[in-house]
Every structure is written in C-alpha cells, then in structure tokens.
> 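Quick one: structure below, then a few questions.
Naming convention: chains lettered A, B, ... in sequence-line order (proteins, then strands); numbering from 1 in each chain.
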Amino acid sequence: MDKHYDAKAAEAKWYPFWEQNGCFHDEPGTGTPYSVVIPPPNVTGILHMGHALNQTIQDILVRWRRMRGYNTLWLPGTDHAGIATQNVVEKALKKEGKRRQDLGREAFLARVWEWKKQYGGTIVHQQRMLGNSTDWRRERFTFDEGCSRAVAKVFTQLYDEGLIYKGNYIVNWCPRCGTALANDEVEHEPNHGHFWYIRYPVVGSAKGVAGEPYADYVMVATTRPETLPGDTAVAVNPKDERYAHLVGKTVILPLTGREIPVIADDYVDREFGTGIVKITPAHDPNDFLVGKRHNLAEINIMTDDAHMNELAGAKYCGMDRWECRKAIVADLEAGGFLDHIEDIDNQVGHCYRCHETVESRLSKQWFVRMKPLAEPAIAAVKSGEVRFVPERWSKIYFNWMENIQDWCISRQLWWGHRIPAYYLGDDVFVAETAEEALAKAKAKTGNAALTLADLKQDPDVLDTWFSSWLWPFSTLGWPEKTADLDYYYPTTDLVTAQDIIFFWVARMMMAGLHFMKKPPFKNIVIHGIVRAADGSKMSKSKGNSLDPLELIDQYSADALRFSIALITSLECDTKVNKEKFEIGRNFTTKIWNAAKFLEMQEEALKGAGGAAAGSLAGQSRFDGRTVFGQSLSADDRHILYAADLACRKVNEILEAYRIQDGALAVYDFFWTQICDGYVEYVKDAPNKAVSVAILRDVFWKALRLLHPYMPFVTEEVAHQLGYLKDGETIMRQPFPVGYTDAEKAAWGVTAENYEFVNAKRAAITALRALRAEYKVPPSAWVKATIARGTDGSAGAPAPLPEEEVKVLAKAMRAESVDFVPAGSDLAMPSKMTPFGTVYLSLEGLVDKAAEAKRIAGELAKLAGFIKSAEAKLANENFVAHAPEAVVAEARRKLAENRDKVAQLEKLAKLFA
RNA sequence: GGGCUAUUAGCUCAGUUGGUUAGAGCGCUUCCUUGACAUGGAAGAGGUCAGUGGUUCGAAUCCACUAUAGCCCACCA
C-alpha cells in the first residue's frame with residue numbers, strides 16, 4: 001500500500017466503476033424492496049450543504065439496506081423549477097437585450113430546453129461527487145415526457161372529480177415575475193412603514209373640522225394609501241359603540257368624490273388604528289372576504305406590473321404604485337383629508353424568488369380543493385400507516401393539514417406544464433391531450449367541423465409542485481402499469497428537511513393516497529437544516545456558506561460524508577464550520593494507516609515462513625474452524641466481542657434512523673477498539689499468527705460497517721488488503737450482523753472476558769496516570785504492584801498467564817509487575833481499578849509538600865462522595881425500590897472509595 | 001396571536017423507557033517523533049445539566065411556572 005491515501009484517485013476510480021457496473025441498479029422482482037426517491041433538486045441548482053446532508057443520510061440508509069440484501073432503488077432526478085429556470089434564461093436573454101416576449105412562447109421554450117441540455121446536468125454531476133448510490137439508469141425530470149403525462153392525467157381526473165376549479169380569487173402576485181404566488185412562497189419581512197390617517201367625510205354633514213373627529217368625518221388609518229381609489233366601503237366592528245351610529249351611513253371617498261357605505265364586520269379590530277378600516281376588496285385578501293360578505297364591488301386599480309390603471313383615475317393612471325402613493329398622499333394633504341402620519345412597524349410580503357414586494361391582486365386562477373384530499377392523508381398518519389421520524393413532526397403536519405386551504409396551482413409563466421384546459425367561446429374542455437379536448441368539444445357542440453385551431457389552450461402553466469407531488473409514482477412509470485411501480489411503490493423512506501413538509505411531503509401524501517390508493521412512503525424522515533457557525537442560515541449573499549465541492553476537494557467526499565453524519569442529529573439544526581470536516585479527514589487517514597499496519601504484519605508473518613504462522617500456515621484469513629482449538633488470548637476474545645457488539649449496535653441504530661449514533665459507534669469501534677486497543681496488543685501478541693488473522697477478520701467487518709458512511713476509502717482498502725478481487729465491490733458484500741452464539745461460545749467470547757480486558761486496560765491507564773502525576777520520566781522503567789485476588793481467595797480471578805503479565809508490564813513500562821492479594825495495604829501511591837489496586841513504587845524523588853497538598857484535596861473530594869453515598873444506602877427506600885444491581889453498585893463504589901481514603905491517609909503520613 | 005423546539009465543559013453536540021461519581025469531538029495544559037498513523041499517541045484540567053418550584057427513595061431525564069434563544073403558521077388596515 002502507498003504511504004498516503006489518495007482520496008481523489010479513489011473517487012475517480014470507484015464511482016465510474018460502480019455506475020458502469022450497475023452496482024446502483026436492481027431489477028424489480030426478487031427479494032424485499034427498499035426504495036427511496038430523492039427530493040429532486042432544482043435543475044438550476046448547484047450542490048449546497050443542505051443537499052450534502054440530505055443525500056448523505058439517504059445514501060447511508062440505501063447502502064446499508066443494499067448490503068443487508070434488500071432489493072434497493074434510490075431514484076434520482078431533478079425538478080424543472082418553473083420560476084427559477086425561467087428567470088435564469090430570461091436573464092441570459094436580457095444580456096442580448098431581449099425579453100421572452102420578443103421570442104414568443106415556442107422559441108422561448110426551445111431556448112429553455114436548450115439551456116437545460118447544456119447546464120441542467122450540473123447538479124446531477126455534483127451529486128456523483130458525493131458518492132450517491134442513486135440508480136442513474138432511472139433518472140427522471142419533473143418535466144420529462146412521462147411526468148408530463150402524469151400531470152395531464154392528474155389534472156384531468158381532479159377536474160372531472162370536481163376537485164379542480166377556476167375561481168376569482170385574491171392572490172399574492174409578484175409584479176416582477178408576473179405570476180401568482182402561493183402563500184408559502186411569500187416571505188414576510190419586517191418593514192418600517194407609515195400609517196396615514198385619512199378623513200373620509202360623512203355624507204350629509206358639514207365639512208370636517210379638526211377637534212370634532214366623529215361628527216363630520218370618519219378617520220381611517222391605512223398603510224397603503226395608493227389603494228384608495230379601489231375602496232368600496234369603510235368598515236367598523238359591530239360591537240364598537242363609538243361608531244355604531246355611523247353604520248349604514250355613507251361617506252365620501254376623498255379625491256374621487258365617490259360615495260361608499262359604512263359597514264359593520266367582525267374582521268375589524270377595535271383596538272387597532274382608529275378602529276375604522278377602508279375596504280379595498282380587489283387589493284387585500286381580508287378586504288376581499290369582507291367584500292364577499294357584504295356584496296361590495298371589486299375595483300381592480302392596478303395592472304399586472306403594479307402600475308395604476310384607468311380605474312385609479314385619470315391623474316394616477318400609468319403611475320407606478322410607489323409613485324402613486326406619493327401623489328395620492330400629496331393630494332390628500334392638499335385637499336385637507338390627511339390628518340397626520342405615524343411611523344409603524346409591520347410586515348410586508350416579498351416574492352421568495354425575486355424579492356419584489358408582493359401585491360394582493362384579484363385574478364382568475366385554477367385551484368385544487370384540498371380538504372377532501374387532506375382527510376385520507378391525515379388518517380394515514382393517525383393510524384400509524386405512515387410514520388414521521390422524529391415523531392413530533394406529525395403534530396406540525398396535522399396542524400397544517402387540518403387548517404388546509406385550497407391550492408392555487410396556476411402560474412403565469414411559460415416554463416412548466418401547460419394547463420390542459422381548452423376554451424371554445426365560453427366553454428372549457430379539460431382533457432389530457434388537445435385531441436381529446438377537441439373530441440369533447442365536438443360532442444358538446446355537435447359541430448363535427450371543429451379543428452384544433454378553434455380551441456384555445458389556457459396560457460398558464462402549473463405550479464412546479466403540481467408535478468413534484470406525483471414524484472413517488474410518476475417516476476416509477478405511472479400512469480402506465482409498470483413492473484417498477486408494482487414492485488417499488490409505496491417507497492420505504494422519504495428523507496427531507498423540515499422546510500418542505502408542507503410544500504412537498506404533505507402534498508405527496510395526498511396525491512399518493514388519491515391516485516395510487518396507497519401512501520407514497522412508509523417513513524418520513526425529517527432532518528434539520530445546515531447552518532453557519534453563528535447559527536444563521538447559509539446563503540451565498542451573506543458569504544457564510546460552505547461549498548460541499550470545495551470540502552470534497554480539500555478533505556475528500558468520505559470526510560465530508562462522515563463528518564456531516566457524525567455532527568448531525570435528526571432532532572435539530574446543525575451548525576457547521578470548516579474545521580468540523582477535519583474529523584472525517586483524520587478518520588480516513590487513520591483507516592488507511594491501520595490497513596497499512598495489517599498489511600505489514602501479514603508480510604512479516606509470510607516472510608518468517610510457515611513456522612511463524614504456526615498452524616495457520618498458508619491460511620491468513622481468520623475463521624472459526626482454523627482458529628478453533630488454538631488458545632485465543634483474553635485480548636483476542638475481547639476484540640471479537642467488541643466487533644460483535646459493534647455490528648449489532650450499528651444495525652439496531654440504523655434501524656432507528658440514528659445516523660449520528662451509528663457514525664459514533666463505528667468510529668469508536670474502529671479507533672478505540674481496533675486501533676488503540678487491539679492493534680497495540682497485536683504488536684506484542686504472544687500468538688501473533690492468530691491475532692493477525694483475527695485482526696484481518698474484524699478489520700473486514702469494520703470496513704463494511706463503515707462503507708455506508710465512507711464508500712470510497714472502504715472500497716479502496718478492501719481491494720488493497722485483498723478482501724476483494726478485481727471486479728468485486730464492497731457495496732454488494734453482506735453487511736456484518738455479528739457472530740453467532742455458537743461461534744462466540746466456541747471461542748470463549750463472553751461479556752465477562754470483555755469486562756476483564758477492559759479492567760486490565762484500566763489498570764494500565766491507572767499506572768500511566770500515576771507516572772504522570774508523580775512526574776516519572778517516560779523513559780524510566782518502574783516497579784508496579786497490583787493488589788488483586790489470588791487463586792486461593794474466594795471468588796477471586798485466576799492469576800494471569802505469564803505471557804499476559806509480560807505484555808501488561810510492557811504497556812506500563814514497568815520492569816516488573818508483582819501481584820499481591822487483594823486487600824494488601826502498601827504504602828505507595830495507588831489507584832483503584834476494577835482489575836485491582838495499582839501501586840507505583842516511588843523509588844525516585846517526589847516533592848513531599850506538593851504531594852501532601854494534593855492528597856488533602858483528594859481526601860476532601862472523597863469525603864463528600866462518601867457522605868452522600870452513605871446517606872443514600874442508609875435510605876431504606878432506596879434499598880427497597882432501586883434495582884438490585886444499582887444498589888450493589890452503590891455499595892461497591894462506597895467500599896472502593898473508603899479503601900481509597902484509607903490508602904490516601906496512609907500515603908499522607910508518608911509525605912508528612 | 002397560534003404552534004413547535006432548544007438551553008448540558010471555552011466551542012459544537014450526545015445522553016434510548018427516571019437509577020454508577022454526567023460523555024464525545026474540537027480547543028486548552030503537560031509529556032512523547034521506539035517502524036501503522038504528529039491528519040498521531042499518553043496523561044490531565046474543565047460542568048451546582050438556564051432558573052424556581054413540584055412529583056419520586058432517587059431528576060440532566062417527568063410536571064408547572066419563569067428567563068433566554070430559535071423555527072413554523074397566521075397576520076393588523
């Protein structure tokens with residue numbers, strides 16, 4: 001093996017190997033399916049940390065299941081992202097000095113497809129850098145032919161079922177994008193604005209005078225004076241006694257002279273502003289509802305691009321909304337209608353795409369009736385058929401589902417699925433294709449001479465989510481009955497961040513249940529968001545974002561994946577900084593170096609010939625049969641136990657989606673158990689051939705445990721060490737599940753032995769600590785004594801074999817280790833361990849005064865503990881209620897600490 | 001306004017149904033370049049688990065309130 005691991009070379013070698021050899025691909029049919037659809041990133045997107053987190057989690061789950069023998073599908077793809085993509089292309093056009101209108105719809109769409117062909121593969125390429133084991137042979141696009149057919153079918157069916165309707169509605173409108181926005185697509189931001197107090201004179205009264213506020217006019221407070229020409233009423237709360245006398249009267253709308261009624265409606269908050277609201281049904285969602293209740297006229301005074309139209313009055317017509325605001329305020333002031341202006345902090349909606357201030361606007365839009373769809377989706381989670389992980393997200397899901405509003409699905413864009421509605425005069429024909437629509441039109445009108453040219457298709461396209469909500473089944477071939485659909489639907493897990501539970505997850509639930517009669521997935525795994533080190537959201541504009549590709553370049557894909565898995569909990573958001581990724585990088589190095597060690601040991605054994613390899617001659621691979629009959633040392637049996645434990649733990653942990661715990665478990669197993677523990681042992685192992693063979697076996701287990709987290713380095717090392725032949729892949733090797741009980745019994749792999757070796761190591765640590773405390777130079781060889789049970793004493797452990805004692809002594813850098821019976825009381829510095837009391841003979845110099853001081857401190861600490869432990873054990877309730885093991889442990893601890901005190905007191909005399 | 005979550009070592013976070021003297025990584029201190037690894041090894045310091053009260057033999061863990069922070073939804077003309 002090379003001295004250093006070359007991550008880039010491994011990545012460049014293995015990913016194409018996997019992809020070209022179909023390692024990511026299974027055919028439907030045999031085995032138990034495990035399927036996941038990727039949340040499709042925007043085709044315009046570039047890989048960010050959110051993707052890295054989301055896809056690392058999925059890949060870990062998928063690779064793990066695949067190795068466990070599941071028939072696995074992880075389906076990749078991209079989203080056509082209506083507005084985002086159209087914006088990108090429009091920006092490019094702008095550089096040429098053109099608008100999309102200059103090209104016309106057909107040419108513009110051709111241009112977008114051209115763009116997609118050229119740049120749309122960016123993110124898909126970047127995903128490969130992560131090591132995703134997505135089945136690229138099944139890659140889909142929300143706007144490809146199959147998805148488009150699914151969309152048309154769904155629209156038609158919902159329309160026929162009466163679940164899609166076209167309605168006059170007040171929508172959030174982005175004047176720059178020229179499209180309606182869903183509520184969720186509007187971002188509310190704090191705004192320092194003004195409250196304009198305006199007098200509306202009451203008809204039939206004298207002109208208002210200051211100081212007589214309610215006699216002659218009503219005072220309206222508004223933040224949007226430019227909408228005044230669209231007012232069709234003034235409203236007060238019906239319970240508001242101050243204004244009760246005004247209800248039913250008429251006031252004059254300033255600047256227009258129009259007379260509008262004063263109405264009473266619960267919507268009005270008595271406490272807010274003046275308690276009197278101007279009602280502008282065409283320009284405010286609440287006013288719209290009030291208008292509906294009171295049959296008010298809806299006067300739309302603005303154009304699509306937020307300029308005033310002729311209904312705003314000749315003077316304002318053509319003005320931009322902000323310009324008009326100024327003009328109207330000036331005119332109100334000039335006319336004596338403006339009472340005063342107040343500063344106010346409120347929230348103003350902005351377009352999530354272009355950040356333009358959103359306008360509420362009256363328009364005809366298509367809607368999906370959501371209530372009937374939501375009910376089964378609620379039931380599926382309530383019944384437990386579909387599960388949220390972590391479970392608490394179901395509350396948020398219910399909260400939204402139970403208060404669901406109809407979904408505005410039409411968008412005034414060109415890039416997207418065109419609404420399959422065709423107009424012939426006042427008639428609308430909805431059908432999957434234009435031909436079918438024509439047939440319907442012919443049937444309805446009885447006019448056989450109609451042609452496609454007579455029908456006009458709706459110019460709008462559908463919201464992007466209208467294709468993504470079908471993703472789990474449209475990508476498997478629906479509406480065709482395909483083998484994939486039959487086998488892989490419903491998918492198993494859906495992994496996504498919390499921010500698209502409503503946009504996407506909830507809607508997929510509805511679509512899946514409605515069209516497939518089965519929920520689209522069984523488990524919804526929600527993870528947090530990756531945040532910058534200071535806790536803020538990462539964003540390019542803030543310059544606080546980390547680029548996963550840069551991290552891969554610097555630290556390797558495995559390092560990125562492992563680090564992100566290790567630091568991310570499903571429960572909450574993750575703050576990251578660059579240094580975090582050193583963990584993964586260092587771990588990769590550690591794996592490589594440990595592999596080098598194993599290779600060297602094996603080379604050495606081979607070099608020494610069959611004699612050194614003992615009865616394992618020619619057999620470098622550990623297995624129960626060859627080793628059985630040889631005596632395995634305690635340390636050998638310890639690592640086998642640790643390996644068994646790690647395998648069981650990792651499987652159990654991944655079963656529960658605890659990605660982070662799994663990373664920790666396998667990290668600990670590899671680093672602490674294998675490297676710090678067993679590798680150190682192997683260096684001096686009495687029966688090296690056996691121990692190296694065991695190392696080979698547990699190393700192979702560790703590699704496979706690690707593979708879902710670190711695919712590249714594990715594949716590379718597996719080949720370097722000869723676990724796999726050319727053409728094979730670790731991806732398809734069985735994931736370790738631990739040894740059988742029979743194996744463990746045959747090898748003497750027991751919990752007792754595991755604890756025994758842990759104890760032995762604690763003794764080593766204790767002696768090292770003593771050396772450090774007494775400043776014994778590392779080069780010095782010391783005398784160690786351990787007081788522990790001897791053969792004769794009841795229940796005491798048997799003495800150690802001579803060879804083990806040698807190893808122990810070497811680890812302690814002790815020229816000798818003497819054993820004395822437990823309870824021996826030596827006047828030497830000591831530490832208690834489960835193995836026994838470890839004494840260090842201080843034949844050198846020690847600063848007596850400092851030592852006495854230290855001991856005094858220690859004694860004080862122990863006294864505190866002993867006091868509380870005594871109290872605890874004196875408590876009858878504790879003894880009666882606590883589990884036996886807990887009580888026993890408490891007793892043991894107390895005794896141990898009492899011994900410690902006795903020891904220290906003795907020592908204290910020594911130093912006095 | 002409605003809902004959700006968090007608060008544990010200097011930092012980032014674990015702590016599974018209440019039960020050892022509360023853990024990890026990074027950072028810090030001291031020591032170590034003896035052949036797997038200095039992207040490393042050994043040892044160590046550092047926490048009254050946000051606060052108050054309650055339930056319990058026993059609370060970081062359960063309950064209530066308070067404080068602070070964050071997120072989501074709905075939003076005031």
> Once you apply a heavy-atom cut-off of 4.0 Å, does A:E599 come out as touching a base, just sugar-phosphate, or nothing?
nothing
> It should be established whether A:W671 places a side-chain nitrogen or oxygen under 4.0 Å from OP1 or OP2 of nucleotide B:A36.
no
> Once you apply a heavy-atom cut-off of 4.0 Å, does A:E582 come out as touching a base, just sugar-phosphate, or nothing?
nothing
> Just by modelled atom types, is the A:L566 backbone N or O under 3.5 Å from a matching donor or acceptor in the A:Q660 side chain?
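Yes; at least one donor-acceptor contact below 3.5 Å.
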> Heavy atoms, side chains only, cut-off 4.5 Å: are A:K590 and A:N586 in contact?
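Answer no - side chains too far apart.
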> How long is the line joining CH2 of A:W592 and P of B:U39, in whole Å?
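Nearest whole value for this atom pair: 18 Å.
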> Just how far, in rounded Å, is C1' of B:U34 from CH2 of A:W781?
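Whole-Å distance recorded here is 10 Å.
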> Quote, to the nearest angstrom, the C1' distance that separates B:G47 from B:A9.
5 Å
> Please check: side-chain N/O of A:K596 versus main-chain N/O of A:K3, any donor-acceptor pairing under 3.5 Å?
yes
> Over all strands shown, is A:R892 touching base, sugar-phosphate only, or nothing at heavy-atom distances under 4.0 angstrom?
nothing
> Could you label the plane-to-plane angle of the A:Y667 and A:F562 rings as parallel, tilted or perpendicular, counting under 30° as parallel and over 60° as perpendicular?
parallel
> Taking atom C1' in both B:U55 and B:C72, compute the distance separating them and give it to the nearest angstrom.
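Taking atom C1' in both B:U55 and B:C72, they lie 33 Å apart.
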> Give a yes or no on whether the ring-centroid distance for A:W592 and A:Y5 is below 6.0 angstrom.
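Yes, close enough.
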> Can you tell me how far the CD1 atom of A:I263 sits from the CG atom of A:L246, to the nearest 0.5 Å?
13.0 Å
> Going through the checks in order, is the side-chain hydrogen bond (donor to acceptor under 3.5 Å, both in side chains) test met by A:T227 and A:K278?
CA-CA 10 Å; A:T227 63; A:K278 70 189 206 58; 2.7 Å; yes
> Compare side-chain N and O positions of A:N286 against OP1 and OP2 of B:C76 and report whether any pair is under 4.0 Å apart.
yes
> What contact category does A:R585 fall into here, base, sugar-phosphate, or nothing, at under 4.0 angstrom with non-hydrogen atoms?
base
> Starting the side chain at C-beta, find the nucleotide from B:A36, B:U20, B:A42 nearest to A:E889.
B:U20
> To the nearest Å, how far apart are A:H4 NE2 and B:A38 C1'?
12 Å
> Both distances under 3.5 Å, Watson-Crick or G-U wobble: report the partner of B:G47, or none.
none
> Nearest whole angstrom, please: distance from the P of B:U12 to the CG of A:L53.
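That distance rounds to 18 Å.
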> Can you tell me the pairing partner of B:C75 across any strand shown, Watson-Crick or G-U wobble, with both distances under 3.5 angstrom?
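Its partner is none (no Watson-Crick or G-U wobble pair with both distances under 3.5 Å).
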> Is any side-chain nitrogen or oxygen of A:N897 closer than 4.0 Å to OP1 or OP2 of B:U21?
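The answer is no; no side-chain N or O of A:N897 sits under 4.0 Å from OP1 or OP2.
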> In this structure, is the centre-to-centre distance between the rings of A:F337 and A:Y200 below 6.0 Å?
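No; A:F337 has its ring centre 6.0 Å or more from that of A:Y200.
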> So, is A:T765 close to the B:A43 phosphate, meaning a side-chain N or O under 4.0 Å from OP1 or OP2?
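For A:T765, the contact criterion (side-chain N or O under 4.0 Å from OP1 or OP2 of B:A43) is met.
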> Please name the nucleotide paired to B:A6 by Watson-Crick or G-U wobble geometry with both distances under 3.5 Å, or report none.
B:U68
> Determine the Euclidean distance between corresponding C1' atoms of B:U8 and B:C49; express it in Å to zero decimal places.
4 Å
> Find the distance A:Q720:CD to B:A36:P and express it as a whole number of Å.
18 Å
> Please figure out whether A:D676 or A:N577 has its closest RNA chain B nucleotide nearer the 5' end.
A:N577
> Using a 4.0 Å heavy-atom cut-off, does A:V887 contact any base of the nucleic acid, only the sugar-phosphate backbone, or nothing at all?
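Counting heavy atoms under 4.0 Å across all strands, no contact is made by A:V887.
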> Expressed in angstrom and rounded to an integer, what is the separation of A:N586 atom CG from B:C26 atom P?
8 Å
> So which nucleotide does B:U20 pair with, by the Watson-Crick or G-U wobble rule with both distances under 3.5 Å?
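Paired with B:U20, as far as the under-3.5 Å criterion goes, is no nucleotide at all.
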> Using a cut-off of strictly less than 4.0 Å, decide whether A:K872 has a side-chain nitrogen or oxygen near OP1 or OP2 of B:U21.
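Answer yes for this pair, as a side-chain N or O of A:K872 is under 4.0 Å from OP1 or OP2.
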> On the side chain of A:K893, is there an atom forming a donor-acceptor pair with the base of B:U20 - under 3.5 Å, no angle test?
yes
> Under 3.5 Å, is there a donor on one side chain and an acceptor on the other for A:T672 and A:D668?
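Yes.
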> State which of B:C71, B:G25, B:C73 makes the closest approach to the side chain of A:F502.
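When the side chain of A:F502 is considered, B:C73 is the closest of B:C71, B:G25, B:C73.
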> Please give the nucleotide sitting opposite B:C31 as a Watson-Crick or G-U wobble pair, both distances under 3.5 Å, or none.
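Across all strands, the one nucleotide that pairs with B:C31 is B:G41.
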> Can you check the distance between B:U12 and B:U17, where both ends of the measurement are the C1' atom (answer in whole Å)?
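The same atom, C1', in both gives a distance of 27 Å.
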> How far does the C1' atom of B:C31 sit from the matching atom of B:U20, given to the nearest Å?
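Their C1' atoms lie roughly 31 Å apart.
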> Can you tell which of B:A24, B:A36, B:C57 lies closest to the side chain of A:L664?
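Among the listed nucleotides, the one closest to the side chain of A:L664 is B:A24.
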> By nearest nucleotide on RNA chain B, pick out whichever of A:Y267 and A:A882 is the more 5' one.
A:A882
> Out of B:C57, B:A36, B:G44, which nucleotide sits closest to the side chain of A:A769?
B:G44
> If I take atom NZ in residue A:K590 and atom C1' in nucleotide B:A38, what distance separates them, rounded to the nearest angstrom?
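For the pair A:K590 NZ and B:A38 C1', the rounded distance is 10 Å.
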> Ignoring the backbone of A:T589, work out which of B:U20, B:U39, B:G19 is nearest its side chain.
B:U39
> Suppose you measure atom P in B:A22 against the same atom in B:G10; what distance do you get, rounded to whole Å?
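Here B:A22 and B:G10 have their P atoms 16 Å from each other.
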> Heavy atoms from C-beta onward define the side chain here; which of B:A36, B:U34, B:U16 lies closest to that of A:R813?
B:U34
> Considering only atom P, compute the distance from B:A43 to B:G25 and round it to an integer number of Å.
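It comes out at 12 Å once rounded to the nearest Å.
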> Output the single nucleotide from B:A77, B:A14, B:G19 whose closest atom is nearest the side chain of A:D661.
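Closest nucleotide among those given: B:A14.
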> Measure CD/A:E876 against P/B:C57 and give the value in whole Å, please.
13 Å
> The side chain of A:F195 is closest to which nucleotide in this list: B:U39, B:A36, B:A77?
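Nearest to the side chain of A:F195 among the choices is B:A77.
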> Would you measure the distance from the P atom in B:G15 across to the matching atom in B:G23 and give it in whole Å?
15 Å
> If the cut-off is 4.0 Å, is A:K683 near the phosphate of B:A36, judged by side-chain N/O to OP1 or OP2?
yes
